Amino acid sequence: MTNHKRPPASVLFIFGGSGDLNYRKLTPALYNLFLDDYMPEKFEIAGIGRSAYTIDAYHEHLKDGITKFSRRKGEENGHWNEFSKNVTYLQMDAEDQAAYSVITDLVKAKEAEWGTHPNVIFYLAVAPQLVPAIATKLGSLNLCSDKASTRIVIEKPFGHDLQSAHDLNTLLGRMFSEEQIYRIDHYLGKETVQNIIALRFANAMFEPVWNRNFIDHIQITASETVGLEGRGGYYENSGALRDMVQNHILQILCMVAMEAPVSFDANEIRNKKVDVLNAIRPFSREKVHENAVRGQYSKGWRQGKAVPGYREEKGVAPESATDTYAAVKFYIDNWRWQGVPIYVRTGKHMHQKATNITLQFRPAPHNAFPTESAETWRPNRLTISIQPEMDIRMRFQAKRPGQSMMLEPVEMVFNFDEQFGDQHAPEAYETLLLDVMEGDATLFMRADQVEAAWKVVMPILETWENRTPVDFPNYAPDSWGPEDADAMIARDGHSWINLPK
Ligand code: BG6
C-alpha cells in the first residue's frame, strides 16, 4: 500500500529512447519509481529514436539496462511485465516536422482512454546540437501551449558557453514558459547533496559558525577514477571546466554558500542560489593563471594496467589542449564569505573516486596547552562526503587517555548507510523524474542560474582557449593531478585534503 501521493497521469516522451542515458539511467529510474509505487496510476512512456526496434526487442533492450545498471539489479524482475505494458517505442525522424503528429495522436489516445488530460513530458536525452531543432518542432504542437501540464526536460550540457546558453534560453523561451522548462543537473538529485540543505537549515548549531568569522577556507573535490568511457567526441569539445565545474561543482558551491531560504518554494531556493553565483568575484584574464590550473592526463598505470594518455583516446586530437583536470580558487564577495577562499577541483583518471566538501575552521584563538601536548593539534573540520562514501564528519581535538594532557584529532561521524541502510536511497534520476511529473522545479536550473554559472567560468575558458598549454600532459593517471594545482593552494598556506579510502 502506498502512503504517499502519486503524480497525476503522465505521458513521457523520451527523445534518445534508444540511447545510452535512457538505457543506463532513465528507464532504471522510472522502473524503480514504479516498484516504489511512485509512478502515476496511469502512465505511458514512449521512447523515440531513429533505430528500428520491434516492441519486444525494445523491451528486452531496456530490461537489459535495468539488469546491468539499476540499483535493484540483483532483485527479481517480477513486475517488469506490468511496467513494460506502459512502455512503447516510436521510430521517428526527429528532423521531420510531419512525424511529430504521432506524439499528438498518442496523447489524444491516452486522454480518451484515461478520461483525463495527462501531463505531457518531453525528455530530450539527445546530443546537444539536436536540442534546438527538436524543441522548435515540439513548440509548434498545440500541446506545448498548455503551460500547466506540458513540460520539457533538457539534459546537460546546457550550451557550450555563455552566448550559446543564452541563445538556447531565448529559443526555448519562445515556445515554452520558464515554468515548463526543466534543466537537469543530476547532482542536485543526489541524496547527499540535498542533505546539505537539511544539515544547514534544519539545525540551529551550524548556521552561527557558517561564515567568514569561523571558517578559514572551503574545499570541494570531485575526483573520478574513470577516463572518457567512450565519450571522446563529446569530451574533446568540453573539458573538465565545462563538464563538471560550470554545473555540478558550482551547484554544490551554491548549496554550501547560499543564505537561508524563507521557504521551500522553487523560486525562493533558486533565488538564493543565484545570489551566490552573482557574488562570485569575477577574474580578470590576467589573474586566471593565479586562480585556476588546468591539467591533462598522460599515459600511465592504474593497478598494474596500462592507461592510454588522453591524447591517445578515440575522438581526441593528437595535440589536444582539452583539460581533463581543473582546479579553481573562488571568492564570494558578500558579507558572509568575504575573504574566505573556496578551492574546487575535479579530474578524470585521478587516484580516488571521491566527491566531498570540507569546511576548515579557523585555528583556536589561543593555545593554552604546553607545546608538546599540542604537537598533533589540527584545526576543526566539517567534511561532507557526497559519494561514494556518504557521510558527514566533524573533526575536533580530544584528550588522549593517560596521565599527561596530550591532544589528538578525533572525528564524530554520521554515516548514511549505517543510519538508514535498510531504506534504499533513490538514485538522483528517480528523484528528478518524480519532481518533473509532480511539477516541482526546485532541483532544476532556472535560465538565469545557468547563465550566471557560465559567466563565472567564461574568463577562465577564454584565457585557456587563447593560450596553448605548454606542459600538457601534466599529470599521471592514478595521481592527484598536476603539481601546479598543489602550488596554487600552497601559496595560501593550505594543501588539498585527500580523505583516506
Ligand atoms: C557527468 C559528466 O555530468 O557527470 C561526466 O558529463 C561525469 O563526465 C559524471 O563522469 C559524473 O557523475 P557522477 O554521478 O558519476 O559523479
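As a basis for the values below, the full set of heavy atoms in this structure was taken, side chains included, without hydrogen atoms, waters or symmetry mates. Computed from a predicted model, the values in this text were never measured in an experiment. Counting starts at 1 for both ligands and their atoms, in listed order.
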List of N/O pairs, ligand 1 versus protein, all under 3.5 Å?
from, atom 1, to, atom 2, distance (Å)
ligand 1, 3 (O), K156, NZ, 2.8
ligand 1, 3 (O), H248, NE2, 2.7
ligand 1, 4 (O), H248, NE2, 3.4
ligand 1, 6 (O), K156, NZ, 3.1
ligand 1, 6 (O), R231, NH2, 2.8
ligand 1, 6 (O), D243, OD1, 2.6
ligand 1, 6 (O), D243, OD2, 3.4
ligand 1, 8 (O), R231, NH1, 2.9
ligand 1, 8 (O), D243, OD2, 2.6
ligand 1, 8 (O), K348, NZ, 2.7
ligand 1, 10 (O), E224, OE1, 3.3
ligand 1, 10 (O), E224, OE2, 2.6
ligand 1, 10 (O), K348, NZ, 3.0
ligand 1, 12 (O), H186, NE2, 3.3
ligand 1, 14 (O), H186, NE2, 2.8
ligand 1, 14 (O), K190, NZ, 2.6
ligand 1, 16 (O), Y187, OH, 2.4
ligand 1, 16 (O), Q387, NE2, 2.6

Worksheet item: With ring centroids as reference points, do Y475 and Y325 lie under 6.0 angstrom apart?
Response: yes
Worksheet item: Using the benzene-type ring in the case of Trp, are the ring centres of Y31 and W80 under 6.0 Å apart?
Response: yes
Consider only side-chain N and O atoms of [X] and [Y], and report whether a donor and an acceptor are under 3.5 Å apart.
X	Y	answer
N169	R183	yes
R345	Q219	no
R446	N267	yes

Worksheet entry | Partners meeting salt bridge (Lys or Arg N to Asp or Glu O under 4.0 Å) with E465 (sequence neighbours left out) | R242
